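Owing to the predicted nature of the structure, the values given are computational and were not obtained by experimental measurement. Every chain is numbered from 1, with letters handed out A, B, ... down the list of sequences.
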Number of protein chains: 4
Amino acid sequence: MSQGTKPARQERSRQTRDRLVAALDTRLREKPFADITIAELAQAADLSVGAVYRRFENKDAFIPVIFELYSTRLDAFMSGEGRVEVDPAAGLRSALHKACGAAWQFLVRHGYLVRAAHLYARLRPDLIGDDWEELLGQARQSAATLLELFGDEVKRRDADEASQMFTYLMNTLPIERALYREEGAAVVLTISDERFVAAIADTLYGYLVTAD
Amino acid sequence: MSQGTKPARQERSRQTRDRLVAALDTRLREKPFADITIAELAQAADLSVGAVYRRFENKDAFIPVIFELYSTRLDAFMSGEGRVEVDPAAGLRSALHKACGAAWQFLVRHGYLVRAAHLYARLRPDLIGDDWEELLGQARQSAATLLELFGDEVKRRDADEASQMFTYLMNTLPIERALYREEGAAVVLTISDERFVAAIADTLYGYLVTAD
Amino acid sequence: MSQGTKPARQERSRQTRDRLVAALDTRLREKPFADITIAELAQAADLSVGAVYRRFENKDAFIPVIFELYSTRLDAFMSGEGRVEVDPAAGLRSALHKACGAAWQFLVRHGYLVRAAHLYARLRPDLIGDDWEELLGQARQSAATLLELFGDEVKRRDADEASQMFTYLMNTLPIERALYREEGAAVVLTISDERFVAAIADTLYGYLVTAD
Amino acid sequence: MSQGTKPARQERSRQTRDRLVAALDTRLREKPFADITIAELAQAADLSVGAVYRRFENKDAFIPVIFELYSTRLDAFMSGEGRVEVDPAAGLRSALHKACGAAWQFLVRHGYLVRAAHLYARLRPDLIGDDWEELLGQARQSAATLLELFGDEVKRRDADEASQMFTYLMNTLPIERALYREEGAAVVLTISDERFVAAIADTLYGYLVTAD
DNA sequence: AATGAATGAGACTTCATTCAT
DNA sequence: CATGAATGAAGTCTCATTCAT
């Protein structure tokens with residue numbers, strides 16, 4: 001299993017691809033990618049197995065689709081209900097709280113995609129190309145902008161490092177609890193979701209306002 | 001696939017088990033558990049397939065062994081070179097720095113175990129029993145002790161919540177970078193390991209000294 | 001191992017199934033079902049192992065096929081050379097003699113199927129559904145008709161019980177000798193097949209004309 | 001798997017053998033011989049696997065034991081509670097009724113042995129030697145004696161054939177219902193056990209008193 | 001001689017991928 | 001081009017039998 005997607009020249013092809021992507025999305029909510037069979041995807045998309053192989057060279061070629069889905073959902077969320085209106089007057093802490101709340105929302109809703117994306121970013125880094133990097137690059141850009149906006153509150157000396165860490169933390173802190181709840185490191189947490197979100201916002205805040 | 005280990009009546013049995021555990025440890029450095037076959041383990045342990053099944057009911061019965069290994073290594077590390085000498089006079093920040101450094105060391109060395117443990121704690125929570133919870137319970141205990149020691153510096157109102165979050169952060173912050181380096185969320189990080197460790201120590205510190 | 005057959009969408013599928021059924025029929029003449037492997041069936045049908053599993057969910061799914069074969073052969077036999085022309089004028093004894101002769105013929109020819117069917121009707125009654133019961137129900141129906149035809153000769157008080165017993169005896173008496181010849185209870189028999197058939201016809205006759 | 005038992009020279013050996021025989025008896029009540037493993041027998045007899053192989057060359061060597069058990073039980077039954085007191089004055093029909101009643105009792109109680117014995121008499125006739133034949137030979141002897149006793153009632157011309165058939169019928173008629181109840185040919189029977197026993201006695205009677 | 005651990009052939013089953021129709 | 005049947009490698013697991021201790 002390796003390599004990539006096949007180009008879709010015709011309109012029908014595009015539809016076929018879309019249906020497969022939708023099928024993958026649906027199945028991913030139920031079980032890990034490794035447990036999903038091609039036959040299952042074909043059936044969910046109401047296609048034949050052969051038709052699947054016409055669009056995708058092999059099973060691995062679906063892995064980038066996971067990232068595609070992730071990306072698409074994230075974009076939609078960020079420009080929709082997940083949009084964070086930053087009020088400079090309200091201060092950094094408030095902005096972080098809003099941002100963490102939005103991140104939490106997204107994770108709760110699209111966690112299954114994030115989970116799969118994370119897993120395969122690690123398992124098969126060769127298959128995802130630059131999507132992942134690009135995604136995080138954008139995030140870092142936003143982080144830099146935000147930190148600049150609250151330049152007076154932020155005490156970190158190295159602005160570049162700060163925006164890197166900010167991105168890292170944002171993509172790391174809420175994941176464990178949001179995705180695995182009772183399992184994983186989150187078992188120690190008995191506090192409510194609200195307090196948890198507040199706590200990670202404070203964590204970010206604490207990092208930024210602590211001089212090194 | 002499910003359930004447990006079989007009792008060993010003879011001394012030889014014990015050895016066989018040990019060899020299988022060692023074989024698992026070795027293979028786990030190379031690839032995920034799901035990709036390791038029983039035949040492979042047997043060969044690595046210089047045994048026949050049947051001998052494996054005399055010690056382990058089925059493949060799943062190896063999953064608890066991952067945690068066993070993790071636990072054992074962690075204990076050894078913590079009472080050996082990983083031991084953190086807290087100097088009350090040096091302050092909280094210094095203590096956190098040391099702790100993060102130790103955690104980092106452990107992860108760099110035994111990351112493959114932590115990785116597998118994390119994965120299966122999520123994938124097959126039914127198979128690990130209370131080991132996981134126990135492990136984190138102990139960690140939280142230590143956290144509580146530490147925070148008490150630096151009670152004057154810590155500004156969090158709820159001490160219980162603080163020790164929970166401290167444990168969560170400690171088990172969450174360094175993982176991503178230590179385990180997946182170039183892949184995952186850590187791609188954004190261009191800073192050195194040293195600075196990274198310092199940064200997460202600061203993150204913890206920031207959280208604790210920020211009043212809510 | 002359990003459950004059923006898979007639907008065949010294409011004509012080729014049907015052929016594949018037929019070939020597997022034929023392969024089973026062939027192998028069953030040589031050895032018990034338990035000793036026949038899937039690989040063996042595949043080879044006999046000139047197919048791959050995977051192709052077998054596309055038609056049959058698992059090995060157990062072949063068990064109903066045994067009954068299917070039995071049923072089919074029986075129907076064919078009964079409406080062909082096995083047809084028994086009852087001559088009311090010739091009397092009950094003659095009719096029974098003909099019927100026993102036909103049953104004997106069938107058993108000699110298709111004994112291997114009857115043997116397997118009997119075995120699995122007992123070993124895995126869950127897998128055969130109502131086929132078995134239905135088959136015997138029909139037999140009983142025929143029995144009732146026959147007994148009615150010779151109502152004056154039959155001395156049994158309870159006609160219902162008589163037709164039940166008749167069916168039971170018909171399906172029990174010849175089996176042992178026909179199927180296992182030298183082995184089983186038939187070792188005591190040194191008489192010829194002809195005399196044996198006559199004897200069981202007489203046994204049935206004796207039962208029916210003996211008043212209770 | 002083939003061949004035979006090993007001689008038991010010592011007292012301890014004899015005990016070991018007895019325990020294995022008892023273990024086989026116990027397990028046979030639960031499941032078919034083919035499904036019983038050597039390890040299971042060893043455990044049930046509180047022996048090691050090696051010890052089993054010291055007494056029995058291989059698994060097949062247990063098959064004759066099935067017949068041994070059958071034989072032993074039958075002897076015990078026939079000279080105990082199963083003893084049939086024939087009253088010449090009461091007539092043939094009464095004697096047959098008693099005999100069928102006894103046979104039924106035995107089958108109900110030791111059916112699992114009869115079942116296994118029948119199966120392996122057919123599956124592996126090579127392994128049972130003459131035990132089987134001998135057993136039936138004795139039965140036939142008894143039959144001959146009985147028929148002679150009621151020589152005036154019996155109308156069969158060939159006494160030899162009659163005793164053969166009598167033995168065959170006795171070992172054939174009740175089996176199906178006694179051993180397989182709901183499954184097999186007995187599904188057609190809705191009558192009670194008592195009536196069934198009476199019916200097969202009548203069947204035997206009918207055969208004997210019907211002139212050929 | 002006894003124990004039970006080890007062997008290893010072989011059975012069932014799955015599924016990514018290919019290919020005849 | 002589409003369909004879904006066929007392929008076959010690979011993996012898990014069982015258990016009669018052997019053999020080291």
[X] side-chain proximity, nearest of [options]:
X       : options               : value
B:Ser48 : F:dT17, E:dA6, F:dC1  : E:dA6
C:Lys59 : E:dT17, E:dT7, E:dC12 : E:dC12
D:Tyr53 : F:dT12, E:dA5, F:dT17 : F:dT17

Report task. Would you indicate what A:Leu47 reaches in the nucleic acid, counting non-hydrogen atoms under 4.0 angstrom: base, sugar-phosphate, or nothing? Result ->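 Result for A:Leu47 = nothing.
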
Query raised in the report: C:Arg54 side chain N/O closer than 4.0 Å to the phosphate oxygens (OP1, OP2) of F:dA5?
Result: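 C:Arg54 to F:dA5 OP1/OP2: side-chain N or O found under 4.0 Å.
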
Query raised in the report: Hey, is the side chain of C:Thr16 poking within less than 4.0 Å of OP1 or OP2 on F:dA6, counting only N and O atoms?
Result: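 Answer is yes, contact under 4.0 Å.
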
Query - Whichever of A:Asp46 and B:Gly50 has its nearest DNA chain F nucleotide further upstream toward 5' - result: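 The 5'-side residue here is A:Asp46.
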
Requested in this report: Would you kindly compare B:Ala51 and C:Val52 by the position of their nearest DNA chain F nucleotide and give the one closer to the 5′ end?
Outcome: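 Per heavy-atom nearest nucleotide, the more 5' residue is C:Val52.
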
Under 3.5 Å donor-acceptor, [X] side chain and [Y] backbone:
X       : Y       : answer
C:Asp25 : C:Leu28 : no
B:Arg55 : B:Arg17 : no
D:Asn58 : D:Ala61 : yes

Whole angstroms only, please: what is the [atom1]-[atom2] distance between [X] and [N]?
X       : N      : atom1 : atom2 : answer
B:Lys31 : F:dA10 : NZ    : P     : 12 Å
B:Leu41 : E:dT7  : CG    : C1'   : 17 Å
D:Ile38 : F:dT18 : CD1   : C1'   : 13 Å
D:Phe56 : F:dC15 : CZ    : P     : 20 Å
B:Arg55 : F:dT12 : CZ    : P     : 19 Å
C:Asp35 : E:dA11 : CG    : P     : 10 Å
B:Arg19 : E:dA5  : CZ    : C1'   : 11 Å
B:Arg17 : E:dA6  : CZ    : P     : 13 Å

Query raised in the report: Could you state the interatomic distance from CG (D:Leu123) to NZ (C:Lys31), rounded to the nearest 0.5 Å?
Result: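 NZ of C:Lys31 is found 12.0 Å from CG of D:Leu123.
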
Requested in this report: Identify, between C:Thr37 and B:Val49, the residue whose nearest nucleotide on DNA chain E lies closer to the 5' end.
Outcome: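 By nearest-heavy-atom nucleotide position, the 5'-most residue is B:Val49.
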
Requested in this report: Taking the side chain as every heavy atom from C-beta outward, state whether C:Phe62 and C:Ile36 have any atom pair closer than 4.5 Å.
Outcome: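 In short, these two side chains do not touch, never coming nearer than 4.5 Å.
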
Query - Nucleotide paired to E:dA1 in any strand shown, Watson-Crick or G-U, under 3.5 Å - result: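 E:dA1 is paired with nothing.
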
Query raised in the report: With both distances under 3.5 Å as the test, what is the Watson-Crick or G-U wobble partner of E:dT21?
Result: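 Paired with E:dT21, as far as the under-3.5 Å criterion goes, is F:dA2.
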
